[in-house]
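Presented below is the structure to which this report refers.
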Amino acid sequence: MTTPRILDGNAIATQIKAEVAAEVKELAVQGIRPGLSAVLVGHVPASEIYVRSKVRTCEELGLYSDLITPPDTITTEEMLELVAQLNAREDIDGILIQLPLPKQVNAKLLLEAVSPAKDVDGFHPVNVGRIQSGQPALAPCTPAGMIEMLKRSGIPIAGQNAVVIGRSDIVGKPISILLLQQNATVTICHSKTRDLPSFTRNADILVAAIGRPGYVTPEMVKPGSTILDVGINRITTREDFDKYFAGNTRREETFLLKGSTLVGDVHPEAFKLAGAYTPVPGGVGPLTIAMLMSNTVRAAKLRRGLTL
Ligand code: NDP
């Protein structure tokens, strides 16, 4: 058995960000500076970290960005008013509403109020429909990043059996559509799927977007296949650590230092059978922010009728 290839999300994200920075420079010559507005409601620590890192990346790449931080008492009506203002602003090409939102805010209504032209998360039904029918649109960042990962790593998609575990609107469904557009033969599995391994064992490309630590085990994997592990699960107990990483001294150092470590939806033992796989952390994760930057520039160009 050959050693599986690790698909390095950090390296590919760096490449994409460099390309975005170059595009931003080209647009500057035409007097255009793509801008992203991030809305962060309240004080959810994980959301604060994500949003700050998005804003920082904008600055690094030369995009304009602003951060709006309404209190967690904000109402749906006030949020709708804020979105309407952002929709109307000429200097803003992308609007990002960090989820989760407080309970009293109707998230669905709000996400549909974002102008599809500025919907850089690709969640608006208009973008979902356009992606489905193959029209120019803004695709959700994580799935779009996964396609970039495969393409830039020279992994063929056309004609391959792709099996996606998970059917969420954010990951499972859109990655299935994007893989189909690249001419893969796609099977979507979910919690009601009978005999999941009978599907996954047939996968040349296996996408795990479940949200359950180490759920994909070696007997579910086709040897030599490509595994994209989207799952991000934090483990904090010694028992769990040993279940997934027994004997991994590097991981153990981090675990002991921080008191936790991340595991994907794929058991580390299952990766050993793969031809190539995305590690957790450092695989699919870093591509999400890179694609958000790329989508903001794309939105700026689409909105002005410029060639992509
Ligand atoms: P959701 O909880 O929205 O969806 C999970 C999906 O997994 C559902 O479709 C569910 O099926 C399916 N599922 C659950 N249990 C099983 C099972 N036993 N067998 C088969 N299918 C099952 O999660 P998300 O799609 O939002 O996220 C998935 C994971 O990816 C999470 O760990 C999340 O943290 C991570 N993530 C990572 C990102 C990144 O940037 N790297 C971005 C977004 C998410 P059903 O529909 O039937 O309930």
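Index from 1, following the sequence. In listed order, ligands and their atoms are each counted from 1. Just the heavy atoms: all of them, side chains too, but no hydrogens, waters or symmetry mates, feed the values below.
Considering only non-hydrogen atoms, atom 37 (C) of ligand 1 lies nearest to V230 out of I175, V280, V164, V230. Summarising the contacts of atom 8 (C) of ligand 1 with H190, R167, K173, the nearest heavy atom is found in R167. Proximity annotation for atom 12 (C) of ligand 1: of C189, G283, G211, G166, G166 comes nearest, heavy atoms only.
Under a 4.0 angstrom heavy-atom cut-off, I232 registers as being in contact with ligand 1. Residue G172 places no heavy atom under 4.0 Å from ligand 1.
Q85 and E81 are linked by a side-chain donor-acceptor pair at a separation below 3.5 angstrom, with hydrogens and angles left out of the test.
Atoms of ligand 1 lying under 4.0 Å from at least one heavy atom of I165, given by number and element, are 20 (C), 21 (N). Which parts of ligand 1 touch V171 is read off a 4.0 Å heavy-atom cut-off, strictly below it: atoms 25 (O), 43 (C), 44 (C). Atoms of ligand 1 found under 4.0 Å from any heavy atom of T288 (numbered from 1 in listed order, with element): 39 (C), 40 (O).
Considering backbone and side-chain atoms alike, S191 places an N or O below 3.5 Å from some N or O of ligand 1. When only interatomic distances are considered, the shortest N/O to N/O separation between D265 and ligand 1 does not fall below 3.5 Å. When only interatomic distances are considered, the shortest N/O to N/O separation between V284 and ligand 1 does not fall below 3.5 Å.
The pair K243-E239 fails the salt-bridge criterion, with no side-chain N (NZ, NE, NH1 or NH2) lying under 4.0 Å from an Asp/Glu carboxylate O. Using a 4.0 Å cut-off between charged side-chain N and carboxylate O, R89 and D66 make a salt bridge. With respect to R56 and E59, no salt bridge is recorded, no charged nitrogen being found less than 4.0 Å from a carboxylate O.
The nearest heavy-atom contact from the protein to atom 5 (C) of ligand 1 is I210 O, 3.3 Å. The closest protein non-hydrogen atom to atom 3 (O) of ligand 1 is S168 CB, 3.3 Å. For atom 42 (C) of ligand 1, the closest heavy atom belonging to the protein is T142 OG1, 3.5 Å. If you check which protein heavy atom lies closest to atom 17 (C) of ligand 1, you get Y215 OH, 3.7 Å.
Grouping the Ile, Leu, Val, Met, Phe, Trp and Tyr side chains by contacts below 4.5 angstrom, directly or via other members, places L228 apart from V163. Cluster annotation: L287 is connected to I177 through the hydrophobic network of ILVMFWY side chains, with a link wherever side-chain heavy atoms come within less than 4.5 Å. I289 is not connected to Y50 by any chain of hydrophobic side-chain contacts under 4.5 Å among Ile, Leu, Val, Met, Phe, Trp and Tyr, and they are in different clusters. V266 and I188 are members of different hydrophobic clusters when ILVMFWY side chains are connected at heavy-atom separations under 4.5 Å.
Each of L206, I227, T200, L196 was scored for a side chain to side chain contact (heavy atoms under 4.5 Å, CB included) with V216, with one residue passing: L206. Looking at R303, K118, K301, R298 one by one, the single match for side chain to side chain donor-acceptor pair (under 3.5 Å) with D93 turns out to be R303.
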